[in-house]
Student: 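Questions regarding the structure given below will be posed in turn.
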Amino acid sequence: MERETAQAGSAQVMAEREAAIARSAEAIRLHDEHNILIETGSEPVIDRLARHDVPAPAVPAELWAWTFVAKDMIDVAGLPTTRGSALYGGEDALTTAPCVELLERAGGLLVGKANQHEFAWGITSENPHWGDVRNPRHPHLSPGGSSGGTAAALAAGIARVGLGTDTGGSVRIPASCCGVVGLRPRAGAISAEGVAPLAPMFDVVGPMATSVADCAQVWRALTGEAAPPPPSLSGRVVGVAEGCAQADEFAELGAEIREIALPYDILTPYWTIVGAQARRTHEATYPRAAASYSEGVRRKLDAAGGIGHREYRRAVEELAAVRARFAEEMSGVDLLITPTLGGPAPRVGCDEAAVRGEVGRFTSVVSALGLPALAVGDLQMVGRREVDVLRAGLCREACGGGIPEPR
């Protein structure tokens, strides 16, 4: 009898896997014209997955039958990594990035490599090489960038969760534009091995999901760190910046509310460092292969071309000074909330260069400060540790807090 029960349980979990793959395959078909995935291998990733037999787990797997996508900055063995560019992707990756391996070991099913803004440097995910990613939830809006394909895959039902990268807002801006959830962890919290760089001082891998609960579960699979939700935020002090519309919600959850001013002066050294590091990242191909770059990324690299080592060193010192000053100002504050976007969400066909400064001003400040942040749609929660923002997000979600729409 025990053997028959075990066999029935095994059949059930395998049926769950097959059903999850089938749902993803149907969503991929329905959204084929949205340019959400980059397919450059010998067969679609979903087909490769469907024919790959795996045994049922002996013990319950944390993410069993959870479908996920990985931004195409992240290596998966046997698949090309294009970086959203025409210059890369000619050879298959030889190894799989640890962040992908961890999700697969937990039972996750990789169903595709997600499209993105070229080289992960932009906020619209308009891509001249692989097609502009379209927003399945808000067709008049860009999906955001640079992890726009990952966010769009979640909004379209192609995947339950995903992996993006974030340098100045590339997980959080798409989360707002597509109405999903994205976590920017601190640098080094998740291994960046096997992930193509843009500006290594600020580059991070971040999980994305359609709920805070799912995002927290992926965080646990990636790091082993659980984030049990508190029943309230009583005793917590929440700083509010830029008149964040959700301030009253946090007060109702028991938090004490304080006004906080963001340190915008950190953006000058931040962008100097990003530009200088991006130039170094691209030194093997730019300007030698400039014709293969999109106009937008060419402009950014050209603008960074004159940054010398003295200016760079001064920027690093200024960044450290502003971080130290703001840490003092945040003494006694447990959480900071802001809108995710600094202005209206970018529209389809907008001039990315004209809007990126305003759209990304809140997310860029947080990146420059080196703090973890959780974007729940157009609400950004910033703390000292990832578990702090996840627990606050889980508390709000458990009390009925939804995902704020983009403006």
Student: For Thr67 and Arg160, indicate whether the former's side chain and the latter's backbone hold a donor-acceptor pair under 3.5 Å.
Tutor: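 Flag set: sc Thr67 to bb Arg160 pair under 3.5 Å.
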
Student: Under the side chain to side chain donor-acceptor pair (under 3.5 Å) rule, what pairs show up with a residue in residues 282-293, not counting sequence neighbours?
Tutor: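 Those involving residues 282-293 are Arg280-Glu283, His282-Tyr293, Thr285-Tyr293, Tyr286-Asp302.
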
Student: Are the side chain of Thr272 and the backbone of Tyr312 linked by a donor-acceptor contact shorter than 3.5 Å?
Tutor: no

Student: Under 4.0 Å between a side-chain nitrogen and a carboxylate oxygen: does that hold for Arg105 and Glu62?
Tutor: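 Salt bridge: no.
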
Student: Among residues two or more places apart or on two chains, list those pairs meeting ring pair (Phe, Tyr, Trp, His ring centres under 6.0 Å) that have a residue in residues 253-280.
Tutor: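 Listed by first then second residue: Phe202-Tyr270.
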
Student: Any sub-3.5 Å donor-acceptor pair from Trp130's side-chain atoms to Ser85's backbone N or O?
Tutor: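 Side chain of Trp130 to backbone of Ser85: a pair is present.
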
Student: Anything under 30° is parallel, anything over 60° is perpendicular, the rest tilted; go ahead and classify His34 against His31.
Tutor: tilted

Student: Which pair of non-hydrogen atoms, one from Val389 and one from Pro372, has the smallest distance, and what is that distance?
Tutor: CG1-O, 4.1 Å

Student: Show every salt bridge (Lys or Arg N to Asp or Glu O under 4.0 Å) that has at least one partner inside residues 367-388, sequence neighbours left out.
Tutor: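 Listed by first then second residue: Arg186-Glu386, Asp378-Arg407, Arg385-Asp388.
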
Student: Do Val382 and Ile337 come within less than 4.5 Å of each other through their side chains, counting heavy atoms only?
Tutor: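 The answer is no; the side chains never approach within 4.5 Å.
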
Student: Between Pro200 and Gln277, is any pair of side-chain heavy atoms under 4.5 Å apart?
Tutor: yes

Student: Enumerate the salt bridge (Lys or Arg N to Asp or Glu O under 4.0 Å) contacts for residues 109-129, please, sequence neighbours excluded, ordered by first and then second residue.
Tutor: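 Only Asp72-Lys113 qualify under salt bridge (Lys or Arg N to Asp or Glu O under 4.0 Å).
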
Student: Output yes when Glu26 and Arg29 qualify as a salt bridge under the 4.0 Å nitrogen-oxygen rule, no when they do not.
Tutor: yes

Student: Evaluate whether atom CD of Glu91 has more than 12 neighbouring non-hydrogen atoms of other residues, nucleotides or ligands under 6.0 angstrom away.
Tutor: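 No, the 6.0 Å shell around CD holds no more than 12 heavy atoms from other groups.
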
Student: Is the backbone of Thr165 close enough, under 3.5 Å, to the side chain of Ser147 for a donor and an acceptor to pair up by distance?
Tutor: yes

Student: May I ask you to check whether over 12 heavy atoms, not counting those of Arg83, lie within 6.0 Å of atom CZ?
Tutor: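 Yes, because the 6.0 Å sphere around CZ of Arg83 holds more than 12 heavy atoms from other groups.
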
Student: Test: ring pair (Phe, Tyr, Trp, His ring centres under 6.0 Å). Region: residues 372-406. Which pairs qualify, not counting sequence neighbours?
Tutor: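 Found none.
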
Student: Salt-bridge test for Glu311 and Arg313: reply yes if a basic N is under 4.0 Å from a carboxylate O, no otherwise.
Tutor: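 Result for this pair is no, no salt bridge flagged.
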
Student: Can you tell me which residue pairs pass the side chain to side chain donor-acceptor pair (under 3.5 Å) test with a partner in residues 190-213, sequence neighbours excluded?
Tutor: Thr167-Asp203

